[in-house]
Amino acid sequence: DPKDKSEDTPICDLCLWGASHSYRLKRFVQIFVGVRVGSYFKSVPQNLKPHHISLFKSRCKTLLVGFGQHSLANGVNTKEYTENMRVLLKDLEDHPNVVGRSVHYNPEGDEKLKCPTTDNRNVAYVDDYNDAMKKLYAEMGREWIDTRWIDGAMWDSNFDWNHLHHKVELAETWFLADHLGLLDGDHVLEPEFNLEHRVYQSLSLF
């Protein structure tokens, strides 16, 4: 959780909410982009605690919400997931900058393809969730960022049958950082920040 001496000073340029996919994205943003980042690690939106929500609202300039993986895996239907997310977004109505991102694709392994399935994270269900979130965020007057054009083309490259390949994660990291204005001089912590060099350097690590 973000910590600061002042109760009303936002100390994080970006806070990511979600489970492991969001946490990994948080680490990539923190390491390679070099901005102040926080995270709230919860598997499903209904598990967020009211006092933690209040804390993050006061400490984070932008909240990037990325749930869906665990709800999908556990068979939560699109209607129920949408209502869970609607409750969360209503709790965040007084925060000026709440943004959603699309649910990542997963490789189609045995758990997802066998009948009956034991993991609903196949392409059709992921698209159902994403289509529903696109409508919900528009209805709530919030931005929703679709990154399927990044991870959709590389959906089967996941090294552990779940999380994105490192280079795909980096591509998403740089896109989101640019889209959210995190590459501006006011955000980046390092005085000598060369974006082209940093992107090349990061991709060369993998």
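Side chain of Ser58 to backbone of Leu55: a donor-acceptor contact under 3.5 angstrom is found. Distance alone, capped at 3.5 Å, is enough to place a donor-acceptor pair between the Asn74 side chain and the His70 backbone. A donor-acceptor pair is defined here as one N or O able to donate and one able to accept, closer than 3.5 Å; such a pair exists between the side chain of Tyr81 and the backbone of Phe67. Listed for the Ser102 side chain is a donor-acceptor partner under 3.5 Å among the backbone atoms of Thr147. With hydrogens and angles ignored, the 3.5 Å screen pairs a side-chain donor or acceptor of Thr173 with a backbone N or O of Glu169.
Proximity of Leu89 to Asp91: side-chain heavy atoms (C-beta onward) are nowhere separated by under 4.5 Å.
Among all heavy-atom pairs drawn from Pro45 and Asn84, the shortest one is CG-CB, 4.0 Å. What you find for Met133 and Trp144 is that their closest heavy atoms are CB-NE1, 3.6 Å. Between Asn120 and Gly75, the shortest heavy-atom distance links the atoms ND2-CA, 3.0 Å. Of all heavy-atom pairs between Val103 and Val126, the closest is O-CG1, 3.6 Å. Nearest heavy atom pair, residue His95 against residue Lys61, reads CE1-O, 3.3 Å. Nearest heavy-atom pair, Leu164 versus Arg24, reported as atom, atom and distance to 0.1 Å: O-NH2, 4.1 Å.
Remark: aromatic rings of Phe175 and His179 are close, center separation under 6.0 Å. Note: Trp17 and Phe56 meet the aromatic proximity criterion, with ring centroids under 6.0 Å apart.
In this structure, CD in Gln46 is found 5.5 Å from OG in Ser71, a value given to the nearest 0.5 Å. A distance of 6.5 Å separates CG in Leu136 from OG1 in Thr82, rounded to the nearest 0.5 Å. Put simply, CG on Leu64 and OG on Ser39 are 11.5 Å apart, with the number rounded to the nearest 0.5 Å. Between the CZ atom in Phe28 and the CD atom in Glu172 there is a gap of 10.5 Å [rounded to 0.5 Å]. Rounded to the nearest 0.5 Å, atoms CG (Asn47) and CG (Leu88) are 11.5 Å apart.
A continuous path of ILVMFWY side-chain contacts below 4.5 Å connects Met140 to Leu92, so both sit in one hydrophobic cluster. Note on Ile145: it clusters hydrophobically with Val33, by side-chain heavy-atom contacts below 4.5 Å among ILVMFWY residues. Each of Phe41 and Val29 belongs to its own hydrophobic cluster when Ile, Leu, Val, Met, Phe, Trp and Tyr are linked at side-chain heavy-atom distances under 4.5 angstrom. Residue Leu48 is grouped with residue Leu72 when hydrophobic side chains (ILVMFWY) are merged at heavy-atom distances under 4.5 angstrom, including chains of intermediate members. Cluster annotation: Tyr23 is not connected to Val44 through the hydrophobic network of ILVMFWY side chains, with a link wherever side-chain heavy atoms come within less than 4.5 Å.
Under the 30°/60° scheme for interplanar angles, the aromatic rings of Tyr40 and His52 are found to stand perpendicular.
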* Would you check, one step at a time, whether the test disulfide (SG to SG under 2.5 Å) holds for Cys60 with Cys12? => CA-CA 5 Å; Cys60 302; Cys12 288; 4.9 Å; no
* Check step by step if side-chain contact (heavy atoms from CB on, under 4.5 Å) holds for Arg101 and Leu16. => CA-CA 10 Å; Arg101 66 161 178 82; Leu16 297 98; 5.5 Å; no
* Walk me through it: do Leu14 and Leu180 pass the test side-chain contact (heavy atoms from CB on, under 4.5 Å)? => CA-CA 9 Å; Leu14 178 69; Leu180 296 171; 4.0 Å; yes
* **side-chain contact (heavy atoms from CB on, under 4.5 Å) between Arg36 and Arg59, intermediate numbers included** => CA-CA 11 Å; Arg36 297 177 179 87; Arg59 305 295 180 86; over 6 Å; no
* To do: Check the pair Val99, Tyr137 against side-chain contact (heavy atoms from CB on, under 4.5 Å), reporting the backbone distance first and the verdict last.
  => CA-CA 8 Å; Val99 182; Tyr137 274 81; over 6 Å; no
* Check the pair Arg148, Asp127 against salt bridge (Lys or Arg N to Asp or Glu O under 4.0 Å), reporting the backbone distance first and the verdict last. => CA-CA 9 Å; Arg148 283 178 287 181; Asp127 281 340; 2.8 Å; yes
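Glu83 has a carboxylate O that lies under 4.0 Å from a charged side-chain N of Arg86, or vice versa, which qualifies the two as a salt bridge. Electrostatic pairing of Arg121 and Asp128 does not count as a salt bridge here, judged by no charged N lying under 4.0 Å from a carboxylate O. Lys57 and Asp94 are joined by a salt bridge, as a carboxylate oxygen and a charged side-chain nitrogen come within less than 4.0 angstrom of each other.
Residue Arg27 places its CZ atom among 12 or fewer non-hydrogen atoms of other residues, nucleotides or ligands, all under 6.0 Å distant. No more than 12 heavy atoms of other residues, nucleotides or ligands lie within 6.0 Å of OH in Tyr125, so this atom counts as exposed by the packing criterion.
With hydrogens and angles left out, the side-chain atoms of Asn106 and Gln69 include a donor and acceptor closer than 3.5 Å.
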